[in-house]
Amino acid sequence: MKRHNFSAGPCILPGSVLQKASEAVINFDNGLSLLEISHRSKPFVDVMENARALALELLGLEGKGYKALFLQGGASTQFLMVALNMLEKRAGYLNTGTWSDKAIKEAQLYDDIYEVASSKDANYNYIPKGYDIPTDYDYFHCTSNNTIFGTQMKEFPNSPIPMICDMSSDIFSRQLDFSKFDIIYAGAQKNMGPAGTTLVVIKEEVLGKVSRKIPSMMDYKVHISKSSMFNTPPVFAVYTSMLTLEWLKNLGGIAAIEKENDKKAQLIYSEIDLNPLFKGFSTKADRSTMNATFTLVNEDLKETFETMVKEAGINGLNGHRSVGGYRASMYNALPLESVGVLVDVMSELERKA
Ligand SMILES: *Cc1c(COP(=O)(O)O)cnc(C)c1O
């Protein structure tokens, strides 16, 4: 049976990428596996350099003073690294969900954090707007897409201080002026590759302004000076991410995938809005094109719906425990056809009920 993978993360990857990645595990360089050659050998150094260059190229940040790193420890480690490298006296955070909240908690270990705005009052079903960013703080931090709640920032402030963004679940999914940001980070497993590496894109000039001593593994400058090879990098995750970035480039880059992502989002949200059996979770204006969250109006239909979902080969539709209901994650590699299958199941339920 054909499977339709709506998993929120780790997520669906392009079939051609999985094929090439699995081949490299057996034979990458003259009969040797990618997993058993030196990360200092030319074939792997080329992979790392290519992955870093592709990331900057796709984001339109080449030649603009940015460096791309592939680090370990997930986006969760970035919550801490951002604070260690950038927080001297105070920072402002926009609190739009569980992940922002975790980022705030980590930074609070080091210094005072000011929440510029929060949507916690409504279980994070919207993105706060019209807030002010203090001009004398070290940086402003936001989360572009709230994976759990299904909200997405459609606009970003013109921040008077360095702007840092967790783009884990929508990086490379839509066109933005990425040069507005000074640090962007994203765990690979949402839209780029397997778990195990985190892309960090840094405008180099914002570093080196804090007085604390930073442990080497936590220091962006150390990783930049070693071209993302300070220690043994997660070779498989970096290679697979590189393949996905090549796949995206061959498709026509972010502009091309954005069109597909918009079509998928339109399809699911119009069904959610038209079908009286379902109700969307997030405020319409802030709906995420990556994660669509919705619930059944009548819980009695739960079993019937979930059986139909299963029979259609749909995987990964369960909502996060803090929201309940369902979450259709439609990352870059999910075909429009899969969203069509889900929408058919939803309208079939309406006919049956
Ligand atoms: C999944 C996710 C994280 C956590 O990523 P890890 O790599 O598991 O640490 C952080 N932020 C956002 C927006 C996420 O979706």
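Just follow the structure's listing: the first ligand is 1, and inside any ligand the first atom is 1. Everything numeric in this text was worked out from a predicted model, so none of it was measured.
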**OP:** Select one of side chain, backbone, both or neither to describe which atoms of Tyr185 lie under 4.0 Å from any atom of ligand 1, heavy atoms only.
**Re:** neither

For [atom], find the nearest protein heavy atom and state the residue, atom name and distance (0.1 Å precision).
atom	value
atom 5 (O) of ligand 1	Ala75 CB, 3.5 Å
atom 14 (C) of ligand 1	Lys190 NZ, 2.9 Å
atom 15 (O) of ligand 1	Thr147 OG1, 2.4 Å
atom 9 (O) of ligand 1	Ser76 OG, 2.6 Å

**OP:** Any atoms of ligand 1 less than 4.0 Å from a non-hydrogen atom of Gly74? List them with their elements.
**Re:** 7 (O), 9 (O)

Subject >> Phe79 neighbourhood, listing ligand 1 atoms whose heavy-atom distance to it stays under 4.0 Å >> reply: 10 (C)

**OP:** Please confirm whether Gln189 comes under 4.0 Å of ligand 1, counting heavy atoms of the residue only.
**Re:** yes

Original post:
Heavy atom of Asn145 under 4.0 Å from ligand 1?
Top reply: yes

**OP:** Identify which of Ile148, Asp166, Thr197, Thr98 has a heavy atom lying nearest to atom 11 (N) of ligand 1.
**Re:** Asp166

Taking [atom1] in [X] as the centre, count heavy atoms belonging to other residues, nucleotides or ligands within less than 6.0 Å. Is the count above 12?
X	atom1	result
Asp121	CG	yes
Lys20	NZ	no
Lys310	NZ	no

Original post:
Do Arg40 and Ser38 touch side chain to side chain, with heavy atoms closer than 4.5 Å?
Top reply: yes

Original post:
Which is it for His141 and Tyr93 under the ring pair (Phe, Tyr, Trp, His ring centres under 6.0 Å) test, yes or no, and what are the steps along the way?
Top reply: CA-CA 5 Å; His141 180 281; Tyr93 278 65; 4.6 Å; yes

Subject >> Pairwise ring pair (Phe, Tyr, Trp, His ring centres under 6.0 Å) hits with a residue in residues 312-337, at least two apart >> reply: Phe294-Tyr326, Phe305-Tyr326

**OP:** Please collect all salt bridge (charged side-chain N to carboxylate O under 4.0 Å, His left out) contacts where either partner lies in residues 42-60, sequence neighbours excluded, each pair once.
**Re:** Lys42-Asp46, Glu49-Arg52, Glu57-Lys249

